[in-house]
A.B. asks: 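One structure follows; several queries about it will come next.
Every heavy atom of this structure was used, including side-chain atoms; hydrogens, water molecules and symmetry mates were not. Numbers here are sequence positions counted from 1.
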Amino acid sequence: MEELVEQLSIPLPNSEDLCFSNRFPQNGWIQLKACLWKQNITYWRSPQYNWMRIVMAIIFALVFGVLFWKHAKILNNEQDLLNVFGAMYMGVINLGAFNDQLIIPFSTVERTVMYREKFAGMYSSWSYSFAQAAIEIPYVFIQVLVYTLIVYPSIGYYWTAHKLLWFFYTAFCSVLSYVYVGLLLVSLTPNVEVATIFASLFNNMQSLFSGFVLPAPRIPKWWFWLYYLSPTSWVLNALLTSQYGNIEKEVEAFGETKSVSVFLNDYFGFHQDNLSLVAAVLIAFPFVFVILFSLSIEKFNFQKR
C-alpha cells in the first residue's frame, strides 16, 4: 500500500497540475441565493426561536403599555417628561437586548454547520454571513410591527403618520442593530458562554452611554466619543425628537417654564433639524455590523479538529 501510494504520488511526465480558477464551483450571487434559501428553511423549521421573539415583543408591549397607560401626553413637569421618555426608550432597548441574547445560541449552532460546508467548498463565508443577516430582516420587521401596534396606542403617543413611522423606523433599526451585534459576537468568540458575557457587557455599555442616564451635555469630554459610537444614543435621539421635538406645550422643568421642544434641546441636546442625519446614522449601524460580522466569519475559525 505504501509503495502504491508513493508510486501514484509521482506525476506522469509532461503532466500539468490540476487547478481551478475559482475556489467555489458557483459564483457569489448563486452562493448567496442558495444560502438564503437554506437559511429560510432553517428559520421556518425553528418555530421556538421565532415564536419566542414575537411572544416577548407582545409581553414587553403589554407591560409598558399597561404601566404607562396614556401617559404620553401627560406633560406637566420634568418628572412627567422623563417618565414618558424612559418608557419609550427602555421598551425599544429591552426588546433589542433580548434579541441579541437570544440569537447567540441559535447562531452558534449555525456557525458549526457553516464551518463544515465551507470546508467542503459549498459556499463562501461572505455568502453565508449576508444570507444570515438578510433572513433576520422579515422576522425583525414582524416583531417590531407587533410591538408598535400594541405599545403606541396604549401609551397614547401622537397619532400622526409622520410620528408613527418614525417610531417604527427607529425601533426597527435598533432591534436589527442588536441582532447583528449578537451575530458579530458569535463570530468573534469561541463559544456561547463567552459571547453571552460580551453581549451583557455591550448592553450595559449601551445603556450607560445612551444619553438617558447621563445626558449628552453632562458626559465628560474624554468619554464623549463613546456616546457617538453608541447606537442607543441615536435611537434615543430619534425617538424623543421625532415624537416631541415640535411640541410647544409649556411645562415646569427644574424650576423653569419652557416648552417640551426647548427642554429636549437644553437637557438632552436634541434638535429636530438633525433628524435627517439621525435617520441616516440609524440605518448605517446595521450595515456596519453586518460588514464586521462578515469579516470576522472570514478571518476567524474556532472549530476544533
A.B. asks: With no hydrogens and no angle check, is any side-chain donor or acceptor of N265 less than 3.5 Å from a backbone partner on S261?
C.D. replies: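 Here the side-chain-to-backbone pair does not exist.
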A.B. asks: Can you give me every donor-acceptor pair (side chain of residues 106-114, partner residue at least two apart or in another chain, under 3.5 Å) with its distance?
C.D. replies:
from	atom 1	to	atom 2	distance (Å)
T108	OG1	I104	O	2.7
R111	NH1	V186	O	2.5
R111	NH1	T189	O	2.7
R111	NH2	P190	O	3.1
T112	OG1	T108	O	3.3

A.B. asks: Which residue pairs pass the side-chain hydrogen bond (donor to acceptor under 3.5 Å, both in side chains) test with at least one member in residues 161-172, sequence neighbours excluded?
C.D. replies: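 Non-adjacent pairs meeting side-chain hydrogen bond (donor to acceptor under 3.5 Å, both in side chains): H162-W166, K163-N246.
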A.B. asks: Is it true that E136 and Y43 share a donor-acceptor pair across their side chains at a distance under 3.5 Å?
C.D. replies: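 There is such a pair (donor and acceptor under 3.5 Å, judged by atom type) between the side chains of Y43 and E136.
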A.B. asks: Of all residues at least two apart in sequence or in a different chain, which pass the salt bridge (charged side-chain N to carboxylate O under 4.0 Å, His left out) check with E256?
C.D. replies: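 Scan of E256 (salt bridge (charged side-chain N to carboxylate O under 4.0 Å, His left out), adjacent residues dropped) gives K258.
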A.B. asks: Please output the side-chain donor-acceptor pairs of residues 211-224 that fall under 3.5 Å, not counting sequence neighbours, one pair per line with the distance.
C.D. replies:
none

A.B. asks: In terms of side-chain heavy atoms, does S259 have a donor or acceptor partner in E250 at a distance below 3.5 Å?
C.D. replies: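 The criterion, which ignores hydrogens and geometry beyond distance, is not satisfied for E250 and S259.
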A.B. asks: Do any pairs count as a side-chain hydrogen bond (donor to acceptor under 3.5 Å, both in side chains) and have a residue in residues 224-237, sequence neighbours left out, and if so which ones?
C.D. replies: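 The answer is Q206-S230, Q206-T232, S230-T232, N237-T241.
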A.B. asks: Under the rule for side chain to side chain contact (heavy atoms under 4.5 Å, CB included), what residues qualify as partners of S294, not counting sequence neighbours?
C.D. replies: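 Per chain and number, S294 pairs via side chain to side chain contact (heavy atoms under 4.5 Å, CB included) with W126, S129, F130, V290.
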A.B. asks: Which residues pass the side chain to side chain contact (heavy atoms under 4.5 Å, CB included) test with L102, not counting sequence neighbours?
C.D. replies: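 Residues passing side chain to side chain contact (heavy atoms under 4.5 Å, CB included) with L102: Y49, M52, R53, F98.
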A.B. asks: With sequence neighbours left out, write down each residue that passes side chain to side chain contact (heavy atoms under 4.5 Å, CB included) with N94, or none if nothing qualifies.
C.D. replies: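 N94 satisfies side chain to side chain contact (heavy atoms under 4.5 Å, CB included) with F60, F64, M90 only.
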A.B. asks: Could you tell me whether the side chain of S174 and the main chain of A171 form a donor-acceptor pair under 3.5 Å?
C.D. replies: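 No, S174 side chain to A171 backbone: no donor-acceptor pair under 3.5 Å.
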A.B. asks: Which ILVMFWY residues can you reach from I41 by hopping between side chains whose heavy atoms are under 4.5 Å apart?
C.D. replies: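 Its cluster partners, ordered by chain and number, are W37.
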A.B. asks: Are the side chain of Y139 and the backbone N or O of N50 linked by a donor-acceptor pair below 3.5 Å?
C.D. replies: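 Checked: no pair found.
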A.B. asks: Are any side-chain N or O atoms of N40 and backbone N or O atoms of L36, one a donor and one an acceptor, separated by less than 3.5 Å?
C.D. replies: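 Between the backbone of L36 and the side chain of N40 there is no qualifying donor-acceptor contact (under 3.5 Å).
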A.B. asks: Other than L4, which residues form its hydrophobic cluster under the rule that side-chain heavy atoms must be closer than 4.5 Å?
C.D. replies: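 Its cluster mates, by chain and number, are L8.
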A.B. asks: Kindly assign one of parallel, tilted or perpendicular to the pair Y123 and Y128, based on the angle between their ring planes and the thresholds 30° and 60°.
C.D. replies: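 Y123 and Y128: parallel rings.
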A.B. asks: Excluding sequence neighbours, so at least two apart, what forms side-chain hydrogen bond (donor to acceptor under 3.5 Å, both in side chains) with Q31?
C.D. replies: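 Once residues adjacent in sequence are excluded, the partners of Q31 under the side-chain hydrogen bond (donor to acceptor under 3.5 Å, both in side chains) criterion are S124, S127.
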A.B. asks: With ring centroids as reference points, do F168 and Y147 lie under 6.0 angstrom apart?
C.D. replies: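 So the answer is no for these two rings.
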A.B. asks: State which residues pass ring pair (Phe, Tyr, Trp, His ring centres under 6.0 Å) with Y244; sequence neighbours excluded, sorted by chain then number.
C.D. replies: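 For Y244, the residues satisfying ring pair (Phe, Tyr, Trp, His ring centres under 6.0 Å) (neighbours in sequence not counted) are F85, Y158.
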